[in-house]
Every structure is written in C-alpha cells, then in structure tokens.
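In what follows, a structure is listed as structure tokens, so that the remarks can point back to it.
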Amino acid sequence: MLIGLSVVILFIMDLLIYHANQCDPRKCSGRKLARFELVRLSRNINQLRPYIVLSPFSEKALSPEDRGARGLAALDCSWAHAEEVFARFKLQERALPFLVAANPVNWGKPFKLSTVEALAAGLIILGERGQAELLLSKFNWGHVFLELNREPLLEYAAAKDSAEVVRIQNEYLSQ
C-alpha cells in the first residue's frame with residue numbers, strides 16, 4: 001500500500017509550428033520553444049490538418065467552444081509573407097481576437113503577435129493557462145504579454161462561442 005503518494009497527471013495540448021524559415025533565427029520564438037521541447041516544428045504543411053491553426057485571416061474567432069481539439073498550430077512566417085502562406089492551404093483556421101503584442105519587435109502593436117504570444121493566447125482561450133504560462137516563461141518579456149492582455153484574455157476564455165468572443169473584441173476596439 002502506498003501512503004502519502006500523490007500522482008499529478010498533466011494534460012498538455014499538442015503544439016505544432018509550421019516553420020517557413022522566413023524570420024531572423026535570433027528572434028524566432030518558435031525555434032526557441034522547440035529547443036525547450038515545448039512545441040514541434042514541421043516543414044510539412046499537411047501535418048497541420050488535424051490541428052486548429054491560428055490565422056489572422058480566418059473569419060471565425062478562436063473560442064472555448066474549440067476545446068477538445070487535437071492540438072493548436074501556428075505558422076511561423078514573416079508578416080510580409082503571411083497572407084500568401086495562409087491563402088495557399090485549406091486548414092481548420094481560427095483567428096485570435098484583439099490582443100496587444102509585448103514582444104520586442106512589435107511591442108504595443110495590436111494583432112502583431114509573435115508565435116509564442118499567439119500560441120499562449122490560444123491556450124488561455126482554450127482553458128490551458130498553465131501551459132501558456134510555461135511557454136511565456138522562456139522569454140524575459142513573456143509575463144508582460146499576460147499583464148497587457150489580462151482582462152481581454154479572461155473575458156475571451158469565459159466566452160461561450162466565437163460570436164461572443166467577437167462581441168467582446170468589438171467592445172475593446174470601440175474604447
């Protein structure tokens with residue numbers, strides 16, 4: 001008989017990044033996450049098909065109704081080439097709602113999130129805050145992303161569906 005033994009089972013959402021090799025390797029948050037074995041990198045776009053892919057061009061917002069997905073994926077590519085990369089493939093895409101970047105390249109810019117910020121935001125909306133905090137802890141500015149976006153992230157994570165996420169987003173945009 002085991003006495004005083006507690007077992008903690010940690011469920012971690014599978015994270016995949018399609019890496020287009022278009023960004024500065026020294027500033028690439030996707031590569032850094034892969035070095036810590038927190039995400040998998042792929043050069044095969046077909047591996048993204050079973051995942052919810054975060055896309056700024058999707059017409060449907062990510063929401064808690066997407067919980068239960070196999071995993072979350074991001075395309076790590078230059079903003080200058082993002083639209084052409086997303087347009088070439090038919091994937092299960094979801095857009096992130098209004099959030100402000102905290103990364104050094106796009107600090108303070110709305111919607112211009114780094115790959116780690118996008119994945120972390122997606123994880124929080126899907127109810128996986130602990131995993132999001134783990135990803136962001138690898139960056140000295142990661143906690144700032146959570147601080148800048150604390151209220152909207154809480155509200156998006158509490159929404160019932162995509163339409164409610166969009167309604168909440170519109171309230172922030174009209175302020």
Side-chain angles (χ1 to χ4, degrees), residues 12-42 48 51-58 60-64 66-67 69 71-83 85-86 91-159 162 165-166 168-169 172-173 175:
I12 295 185
M13 183 171 274
D14 193 19
L15 301 176
L16 181 66
I17 297 174
Y18 172 78
H19 196 270
N21 216 23
Q22 295 174 338
C23 56
D24 182 341
R26 295 168 296 154
K27 297 177 184 174
C28 183
S29 63
R31 284 187 187 198
K32 185 171 184 175
L33 293 174
R35 283 194 306 270
F36 284 103
E37 298 182 355
L38 296 172
V39 301
R40 288 183 305 115
L41 295 182
S42 176
L48 299 177
Y51 293 80
I52 292 176
V53 179
L54 299 175
S55 166
F57 308 107
S58 176
K60 186 170 184 179
L62 184 70
S63 75
D66 292 309
R67 288 180 181 150
L72 200 55
L75 272 66
D76 197 337
C77 60
S78 164
W79 277 102
H81 299 95
E83 194 164 6
V85 171
F86 279 99
L91 302 166
Q92 182 182 333
E93 297 177 9
R94 298 289 186 272
L96 287 172
F98 169 79
L99 294 164
V100 178
N103 68 76
V105 174
N106 290 308
W107 197 94
K109 294 180 183 174
F111 299 106
K112 293 281 188 174
L113 307 181
S114 65
T115 301
V116 66
E117 289 170 315
L119 287 172
L123 287 166
I124 290 170
I125 292 169
L126 296 176
E128 302 294 337
R129 185 175 189 90
Q131 189 177 359
E133 289 174 352
L134 177 62
L135 296 183
L136 290 167
S137 74
K138 303 305 177 189
F139 300 84
N140 60 5
W141 48 263
H143 69 283
V144 177
F145 177 75
L146 294 174
E147 292 165 13
L148 283 174
N149 297 290
R150 188 179 76 73
E151 288 182 31
L153 283 170
L154 287 171
E155 291 182 44
Y156 299 144
S162 180
V165 167
V166 171
I168 295 165
Q169 169 187 264
Y172 279 99
L173 292 172
Q175 294 177 0

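Side chain of Arg67 to main chain of Leu126: a donor-acceptor pair is present (N/O by atom type, distance under 3.5 Å, no hydrogens or angles). Checking side-chain atoms of Gln131 against main-chain N and O of Met13 turns up a donor-acceptor pair under 3.5 Å. A donor-acceptor pair under 3.5 Å is absent between the side-chain atoms of Glu128 and the main chain of Ile12, judged by distance alone. Put simply, the side chain of Lys32 gets close to the backbone of Lys138: a donor and an acceptor are under 3.5 Å apart. At distances below 3.5 Å, not a single donor-acceptor pair connects side-chain atoms of Asn149 with backbone N or O atoms of Leu146. The main-chain N or O of Val116 is found under 3.5 Å from a side-chain atom of Ser29 such that the two form a donor-acceptor pair. Using modelled atom types, no side-chain atom of Ser42 and backbone atom of Tyr18 make a donor-acceptor pair closer than 3.5 Å.
Residues Ala132 and Ala120 approach most closely at CB-O, 3.4 Å, considering heavy atoms. The two residues Gly30 and Ile17 have their closest heavy-atom pair at CA-CD1, 3.6 Å. Minimum interatomic distance between Ala121 and Leu99 (heavy atoms only, all atoms of both residues): CB-CD1, 3.4 Å. Shortest non-hydrogen contact noted between Ala34 and Val39 is N-CG2, 3.6 Å. Considering all non-hydrogen atoms of both residues, Pro64 and Ala159 come closest at CG-O, 3.0 Å. Closest heavy-atom contact between Ser63 and Val165: CB-CG2, 3.7 Å.
Rounding to the nearest 0.5 Å places CG of Leu148 at 11.0 Å from CH2 of Trp141. In this structure, CG on Leu119 lies 10.0 Å from CG on Leu113, to the nearest 0.5 angstrom. For the atom pair CG of Leu48 and CG of Leu91, the computed distance is 6.0 Å after rounding to the nearest 0.5 Å. Between atom OH of residue Tyr156 and atom CD1 of residue Ile125 there is a gap of 7.5 Å, rounded to the nearest 0.5 Å. For the atom pair CG (Leu134) and CG (Leu33), the distance works out to 9.0 Å, reported to the nearest 0.5 Å. Distance CZ/Phe139 to CD/Glu117: 9.0 Å, rounded to 0.5 Å.
By the 4.5 Å heavy-atom criterion applied to side chains, Tyr51 and Asp14 are counted as neighbours. Contact annotation: the side chain of Asp66 approaches that of Arg94 to within less than 4.5 Å [non-hydrogen atoms, C-beta and beyond]. Looking only at side-chain heavy atoms (C-beta outward), Leu123 and Leu135 come within less than 4.5 Å of each other. Using a 4.5 Å cut-off on side-chain heavy atoms (C-beta onward), Tyr172 and Gln175 make contact. Glu93 has its side chain out of reach of Lys60: every pair of non-hydrogen atoms, C-beta onward, lies at least 4.5 Å apart.
Ring planes of Phe98 and Phe111: perpendicular class, angle over 60° (limits at 30 and 60°).
Counting non-hydrogen atoms of neighbouring residues, nucleotides and ligands closer than 6.0 angstrom, the CD atom of Glu147 exceeds 12 such neighbours.
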